[in-house]
Amino acid sequence: MKKMLVFSCALALALTAVPAFAHHGDAGRYEDNVVVMKGTVVEAQLITPHSILVFDYTDDSGKTTRWQAEMGGRAQMIKDFGWTPTTLKPGDKITVTGRKVKSGAFYMNLTDRANVVMTDSGKEIFRTANYGTNQPKRPALGVGVPTTPPAEQ
């Protein structure tokens, strides 16, 4: 009987831990409308589970703020878009389209209706499958569609 109780408790504990392994959703976390921002790259982190793009944005009044943008994971950015650790370098000028977080923090999502363009050349280096639409991504869809991999410099 004692073994059954221990087993039952262990099973219950294991089952309650399962949600911790699930991927988080972003329902309600980000604004519905996309924004376009021009900035200067500080750092691009190709990491898992989400790569992070850090850039400085200067508004019309001249105030500069540091932003972070969440993208797909390292493997996806490499496989689907041909990104390398040198795709974006500090000082590169970029134009980013994405959704800002509702909290007002300097953070945005680049996994839905988003793209990244090299401002000086106009070369698009990242684009989600539903970029340019008002249709949010469906959960079953991937984060982005491959673009031409950037040329190594």
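For clarity, every value in this text was computed on a predicted model and none was experimentally measured. Computation of the quantities below employed the complete heavy-atom set of this structure, encompassing side-chain atoms and omitting hydrogens, waters and symmetry-equivalent molecules.
- For D32, there are no salt bridge (charged side-chain N to carboxylate O under 4.0 Å, His left out) partners, not counting sequence neighbours.
- Here Y107 pairs with nothing under the ring pair (Phe, Tyr, Trp, His ring centres under 6.0 Å) rule; sequence neighbours left out.
- Minimum interatomic distance between F55 and I94 (heavy atoms only, all atoms of both residues): CB-CD1, 4.1 Å.
- Legend: residues meeting side-chain hydrogen bond (donor to acceptor under 3.5 Å, both in side chains) with T48, ordered by chain and number and at least two apart, are absent.
- Taking the side chain as every heavy atom from C-beta outward, L110 and V116 approach each other to under 4.5 Å.
- Side-chain N or O atoms of N130 include one that pairs as donor or acceptor with a backbone N or O of R113 at under 3.5 Å.
- Considering only heavy atoms from C-beta on, M71 comes within 4.5 Å of F126 through its side chain.
- Going from atom NZ of K38 over to atom OG1 of T95 covers 5.0 Å, rounded to the nearest 0.5 Å.
- For the atom pair K123 NZ and I125 CD1, the distance stands at 8.5 Å (nearest 0.5 Å).
- Using modelled atom types, no side-chain atom of D80 and backbone atom of M77 make a donor-acceptor pair closer than 3.5 Å.
- Among pairs with a residue in residues 44-69, those fulfilling salt bridge (charged side-chain N to carboxylate O under 4.0 Å, His left out) read D56-R66, at least two apart in sequence or across chains.
- The CD atom of E70 sits 10.0 Å away from atom CD of Q68, with the distance rounded to the nearest 0.5 Å.
- With rounding to the nearest 0.5 angstrom, the CE atom of M118 is 5.5 Å from the CG atom of L88.
- Atom OG1 of T97 is separated from atom CG of N115 by 4.0 Å, given to the nearest 0.5 angstrom.
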Identify all side-chain donor-acceptor contacts of residues 39-47 below 3.5 Å with residues at least two apart in sequence or on another chain.
{"residue": "T40", "atom": "OG1", "partner": "K93", "partner atom": "NZ", "Å": "3.0"}
{"residue": "E43", "atom": "OE1", "partner": "Q45", "partner atom": "NE2", "Å": "3.1"}

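- Annotation: side chain of R99 is not in contact with side chain of N33 (no heavy-atom distance under 4.5 Å).
- In this structure F106 satisfies the side chain to side chain contact (heavy atoms under 4.5 Å, CB included) test together with T65, W67, sequence neighbours excluded.
- Looking at residues two or more places apart in sequence or on another chain, you find a side-chain hydrogen bond (donor to acceptor under 3.5 Å, both in side chains) between T64 and T58.
- Atom OH of Y131 and atom CG of D112 lie 13.0 Å apart (nearest 0.5 Å).
- Residues satisfying the side-chain hydrogen bond (donor to acceptor under 3.5 Å, both in side chains) criterion with S51, sequence neighbours excluded, are absent altogether.
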